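For clarity, every value in this text was computed on a predicted model and none was experimentally measured.
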Amino acid sequence: MSSLILATLGPFHILHPRYNAVTLRELVQAHSPTKILLASYGPQELAEGRWREAGELALFHLLPWAEARGVPVEALDALEHLRAEGEQFREALAQYPRGQALLEQAAGLEAGLQAVLTQPKAPAEWAAPGVLEPVRAYLEGLARLFGEGPGTGHRRRRVEQVAARLQSLPAGRYAVLADVLDYALLLEQVPGLQTAPEHAPAEAERQRSVLDRAWRLEEGDDWAALLRQLQEVEGPEAMYCAAQVYLAAGQLEDAFALLEQLVHTDFQHPAYLPGYTLARYGQVADVLGQREKALRAYQATLALSWVPQEAREIALAGQRTPFKLG
């Protein structure tokens, strides 16, 4: 049996040019797995696509790849319901002064974890002691603070049953994806797991890093340089990001022209793109006085089978009141 385990970072992949969402897809592809295993999601969560609301960026790219190539995907967390106990536990704690103090201590523990998640890293670095040690220190700190159980989302109990399933797998090649906290524990509990090798980025990863940078557009960025980079990137997401740059620069007509071109193309991938595109198109149409187009865009946003919450809120607000800048 050959099992490659990779740490997933949820929305934090956008901060890692060398370990972005497409990097994980490339690493999985290079491993040529017979099955992809999701250690941090349960069967119902996978079936209902709940990973999308969690901002699991890697899965937006990996799952369509797997489906296109006939690679099966299985979610391993049979105790997924226990995570809800953790959320309820924290909500209950927040109602009491002593509980609030405990939650503040937990927030303090997250500082070290935040540094791990936000400092850019290459694939092989996630298995290094300098990364695993602060992650495990965070988990141990939570366990001391709350005890193992609802306060930790029953993480060790859930990881132990996932580890048992991994160790009972029949012969084959597997790619195992685990959120970075589960990843640190699984490496302790399952001997012989392969971690990410040294990896030379492919062109698709470089393009993903440009898109990720555009999604994090900041006031001090060189917008002209970013637009030039986006012009070299393939796909509809680059058009959306370019429109965002034009909007930031106050070039509404240019942004609208790009968005109008985009909505008449195939812009279904990644799955978050249709919702953001249609919602933004509606807003720009409103600003330019094209209320009928704006309303159609908002309605189309809400008619999608899935839409990011932010885009849904934009569409609902736009239906009630025409969007205005400032």
Side-chain angles (χ1 to χ4, degrees), residues 7-16 38-42 44-46 48-59 75-121 126 129-163 177-189 215-216 218 272 307-314 316-317:
T8 61
L9 313 180
F12 288 98
H13 277 293
I14 202 171
L15 301 176
H16 296 264
L38 306 183
S40 301
Y41 288 94
Q44 187 172 353
E45 292 172 319
L46 176 60
E48 296 176 358
R50 277 187 247 165
W51 54 268
R52 295 178 298 197
E53 296 298 344
E56 196 66 73
L57 291 178
L59 296 188
L76 297 182
D77 187 0
L79 302 176
E80 59 190 273
H81 61 283
L82 293 179
R83 272 198 301 275
E85 288 190 21
E87 295 170 8
Q88 294 164 4
F89 178 82
R90 291 188 176 228
E91 289 172 2
L93 280 183
Q95 307 302 312
Y96 306 98
R98 173 60 179 157
Q100 293 167 11
L102 287 172
L103 292 175
E104 288 175 7
Q105 291 181 57
L109 292 173
E110 291 173 3
L113 181 63
Q114 192 81 358
V116 170
L117 293 175
T118 57
Q119 293 173 4
K121 294 175 181 61
W126 292 96
V131 172
L132 294 176
E133 287 170 5
V135 171
R136 289 167 178 159
Y138 168 75
L139 293 171
E140 290 164 5
L142 277 189
R144 285 194 300 271
L145 192 61
F146 296 125
E148 289 289 352
T152 62
H154 296 274
R155 188 176 297 275
R156 282 200 174 271
R157 180 179 169 191
R158 291 189 293 104
V159 169
E160 284 169 1
Q161 65 89 22
V162 170
L177 271 66
D179 79 48
V180 68
L181 300 179
D182 292 345
Y183 173 85
L185 295 178
L186 283 169
L187 285 178
E188 289 181 331
Q189 296 188 24
W215 279 97
R216 297 186 290 114
E218 297 172 2
Y272 51 74
V307 60
Q309 185 61 31
E310 180 185 6
R312 177 177 296 279
E313 291 171 358
I314 288 172
L316 289 170

Going through the checks in order, is the side chain to side chain contact (heavy atoms under 4.5 Å, CB included) test met by Glu133 and Tyr138?
CA-CA 9 Å; Glu133 287 170 5; Tyr138 168 75; over 6 Å; no
Check for a donor-acceptor pair, side chain of Glu56 on one end and backbone N or O of Gly10 on the other, with a separation under 3.5 Å.
yes
With distance as the sole test, does His13 use its side chain to make a donor-acceptor pair with the main-chain N or O of Leu57 at under 3.5 Å?
no
Could you check whether Ser40 and Asp182, counting side-chain N and O atoms only, form a donor-acceptor pair closer than 3.5 Å?
yes
How about Glu110 and Gln114: does a side-chain donor come under 3.5 Å of a side-chain acceptor?
no
Checking Gln100 against Glu104: is there a side-chain donor and acceptor pair closer than 3.5 Å?
no
Evaluate side chain to side chain contact (heavy atoms under 4.5 Å, CB included) for Leu38 paired with Leu59, printing each intermediate quantity in order.
CA-CA 10 Å; Leu38 306 183; Leu59 296 188; 4.0 Å; yes
Is Arg156 paired with Glu140 through a side-chain N to carboxylate O contact shorter than 4.0 Å?
no
Between Ala184 and Arg136, what is the shortest heavy-atom contact and its length?
O-NH2, 2.9 Å
Return yes if some donor-acceptor pair links the side-chain N/O of Gln189 with the main-chain N/O of Leu186 below 3.5 Å, else return no.
no
So, does His154 use its side chain to make a donor-acceptor pair with the main chain of Glu80 at under 3.5 Å?
no
Do you know which of Leu82, Leu185, Leu76 makes side-chain contact (heavy atoms from CB on, under 4.5 Å) with Arg158?
Leu82
